[in-house]
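Note that these values count all heavy atoms, side chains included, but never hydrogens, waters or copies made by symmetry. Keep in mind that this is a model prediction, so the values were computed, not measured. Counting begins at 1 with the first residue of the sequence.
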Amino acid sequence: MDQSLILNRNEDLDAVKTQLLSNTHQTNNRKNAPVVAIVGMGGLGKTTLAQLLYNDSNVKDYFPTRAWVCVSNDFNVERLSKEILESTSGSACKLENLDQIQRKLEERLGGNRFLLVLDDVWSEKPRDWEALRVPFRIAEKGSRIIVTTRSRKTVSSIRDTIYAHDLQILSNESCWELIKRRAFAEETMLSVEPGLEAIGREVAKKCKGLPLAASTIGSLLYSSKPDVEEWENILQSDMWNSEGDDELPASLSLSYHYLPLHLKHCFAYCSLFPKDHEFDKKHLVQMWIAEGFVLPAKQDKRLLGAVGGQYFDDLCHRSFFQYINGKFVMHDLIHDLAGLVSGEIYCRIGSSGKYSFEISKNTRHLSLPNDEEHLRNVESAHESKCLSTLMVGIIESAGWTDKENIDDILNSMLPKKAPVGLWENLRCLRVLSLSGAGINEIPESIGNLKHLRYINLSSFWVTELPESICKLYHLEILIQDDCLMKMARLPQGIGRLSCLKTMPHFPVAKDGGGAGLGELKGLQCLEGALCIHGLHNVSNVAEATEVNLRDRSRIHELELCFGDGPDLFLELFDKAQARDVQSDKGMDAEVLEALQPHTELRRLEIDRYCGDNFPPWMMNGLSRYRKLVSVRLGSCYKCRSLPPLGQLPLLESLTLEWIVEVEEWPGAESGEFLCLQRLKIINCQKLRQLHPALGSIPKLSLLKISGCPGLTSLPNPGLINLTSLKDLTITDCSDTLKRQLLDEGFPLCLTHLEIDSEVLMALPSRGLRDLSCLEELELREPTQDSGEDISDFGYDLSDVWGVQDISDFGYNLGDEWGVIEPTEDSRDLEEGNPTKKFLPKLPTNLRRFLVNNEDCTHYLHSQERREEEEIKSPKIS
């Protein structure tokens, strides 16, 4: 969040926060979630204030469940309901029917005190709100909904509004303070030259109290350096008088006017995306590069991606992008500015926004939405033979459920046969983004688009690429992330694309059925991340040798998979074992040896390797990889020893998974893993001894050991000295190891702990009481029956005062483990309810309780506890 935009908003913060945490509106009727509205003109900081409230520590403690959704002009109830559900659950919603979505959302919210932020609401129709609020009628007392809007009519249309906060403009003094924060480094802010301060205060008056305007103009003054003459020129600019029907603050237009030419092109390009779009920095920079907008100076030796990334960062610093809740977005007014300056050159068809133009002969960049009407009328694009960009949006419209109908429409756009129609007219195309278009075949005629630099096929249903794609000799970026789940081959000849820089996935075809590993020899410009899978299909080691990865210094991330696709699809251990029986283990070893990467490598993953040992470059030369920060070794079923991973000086993340034959992990007791922060050891079934340095790794913050029944002890002195450890998981390990945990205890700084339920049962009376920082506790079912019955144990978890989340409690019900299915009649814990019989007492500020991944929090509150919680009201600090 841009902290400068919250200057002098403490009173506003306290006023709204009081309404969120107040008991005043909590009644016995829990059927409505009260709404708190933040109202004000564009650029006043409504979203920033809402974000500050959303992330406030008191607010987070008070509301166990929180969700944030951007509404904008499109008040689509199904879309919004789905996004709210996804925000609360943290996972994608595959339901398509509105009733099903809202029922699921009601289950998710029921019994939980929640906070929902609906940002940037425009609809003034009461029926829109009535349709959206259906799942909120069972809201727990204390739940709140924050609405940010520019319109008082919007507030009036929402029945449940209990408070509307009018956000006022800033004073001239506050605007000047905000400008100072943006225009000067922190160490020079207190000693501004009088001449500059006088000009800056005059500029502040012209911002008319808008934080966005002050922040943007402050960034402009920073880029102009502390020069009196430059600042005077900005102050005297005629553009301050340019505000007209477009309703854009003059400061925004002025900031654009002073942008360097290369940033103007990059900024205008963003008008192709809809309002509230979440920008992917990497993909946007790649598009800029493909269009030729990224032009480094002669003396700049950086890669184009790094230069383009700097362009993006420069626009962020000038407030043209905002970073909100982990995502890059554009303020609506900034997006309006992009549309205003883009002219006829840029066209986004079907935009509900103000700046949407018809396609003309001057149009060079075209963006099509996921709207059936506009897709059917796309032939008008034939009038523009000089199109350089064509983007087709993801189809998710509520009325579109027939996939064949979608394919018919899009296939009519993309003829599969003769080079006529759309492709015939788009010979100048450089950027083609068909992300999520939903079609299953790319026509051969794509080979006629000789100037293509960028193709994005993410989320495609396509299973293979046409041979003609190998004719696109200027192609630099080929993104096929999500379509890889069905794409098992690339066409023969792909190695002729000598300009290709980005191709994240390379599947090795079997028996000449597509591109072999040797094709990588011709792709000398590849950089960034590369995943090579299907390496078990390699029949000639010479192919791997010719690839010559050891000289590819621009490949910083490398995945080598000896299987048919990403490890996403490796589900069964016996499948990999079946391949192992049929495979040539010696060939695997030779191929991996030949694929030795460059020492500039930053991340390395090796999957489903079936050699008996790792190659010499790993066993004897690993110390040369001084920039490696992440290593994952997975499903290497026959390897009997591990590389000396402790020799990697900058290693931060290490995962060992399904390394089933390794029994010992030797190494030095000190001086290794000094930078390691995350360590996961999963299903290493024969592992008996861990690395001796494990108990003294200074920066280790996450440790997961699971499915290692052969592991009998932890290195001395156990885990108690891991002072940086916050997240600990130890499950499905030996009884001996569990007893050591019980004897030595847990690190006191833990915030998340996941253990077998039987370990909890065996804890001494003091239990987890010393873990005052603990916020989440997950209890798992042991793989073997311990013979103990939780009902006889009665351990009181309420000792753990800080615990807020308990997941997957394991119920020992004799020979049968099951989920307790709650019903309408079992909301209170009645006598004889199995939940009451087997559950121990819970922490007093428990946030969530999951039973086999089912959220059962609201069945665990007794009426007395509910009343106690309602009396409590967090103090505002």
Please name the residue in the list L118, N76, T149, V117 that meets the side chain to side chain contact (heavy atoms under 4.5 Å, CB included) test with V71.
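With V71 as partner, L118, N76, T149, V117 yield a single side chain to side chain contact (heavy atoms under 4.5 Å, CB included), made by L118.
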Between [X] (side chain) and [Y] (backbone), is there a donor-acceptor pair under 3.5 Å?
X    : Y    : result
K46  : M41  : yes
R133 : D160 : no
T88  : A67  : no
T731 : S706 : no

Does R144 make a cation-pi contact with F63 (under 6.0 Å, within 45 degrees of the axis)?
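No - R144 does not lie over the ring of F63 by the 6.0 Å and 45° rule.
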Closest heavy-atom pair and its distance - [X], [Y]:
X    : Y    : value
C347 : L272 : O-CD2, 3.7 Å
R113 : P64  : O-CD, 3.0 Å
A164 : V39  : CB-CG2, 4.4 Å
L44  : L167 : CD1-O, 3.1 Å
T161 : V155 : OG1-O, 3.5 Å
E86  : C93  : OE2-N, 2.9 Å

Is the shortest distance from a Lys or Arg side-chain nitrogen in R150 or E124 to a carboxylate oxygen in the other one below 4.0 Å?
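Salt bridge absent between R150 and E124.
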Using a strict cut-off of less than 4.0 Å between a Lys/Arg side-chain nitrogen and an Asp/Glu carboxylate oxygen, indicate whether E754 and K704 qualify as a salt bridge.
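Result for this pair is no, no salt bridge flagged.
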How are the rings of [X] and [Y] set relative to one another: parallel (under 30°), tilted (30 to 60°) or perpendicular (over 60°)?
X    : Y    : answer
Y163 : H165 : tilted
F279 : F273 : perpendicular
W129 : F136 : tilted

Report yes if some heavy atom in the side chain of S81 is under 4.5 Å from a heavy atom in the side chain of L132; otherwise report no.
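A side-chain contact under 4.5 Å exists here.
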Would N58 and K17 count as having a side-chain donor-acceptor pair, cut-off 3.5 Å?
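Side-chain D/A pair, N58 to K17: present.
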If you count the non-hydrogen atoms of other residues, nucleotides and ligands that lie under 6.0 Å from NZ in K327, is the total more than 12?
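Incorrect, the count does not exceed 12.
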Could you pull out all residues at least two apart from S123 that satisfy side chain to side chain donor-acceptor pair (under 3.5 Å)?
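By the side chain to side chain donor-acceptor pair (under 3.5 Å) rule, S123 matches D128.
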Of D119, D120, D336, the residue whose pairing with K275 passes salt bridge (Lys or Arg N to Asp or Glu O under 4.0 Å)
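The passing option is D336.
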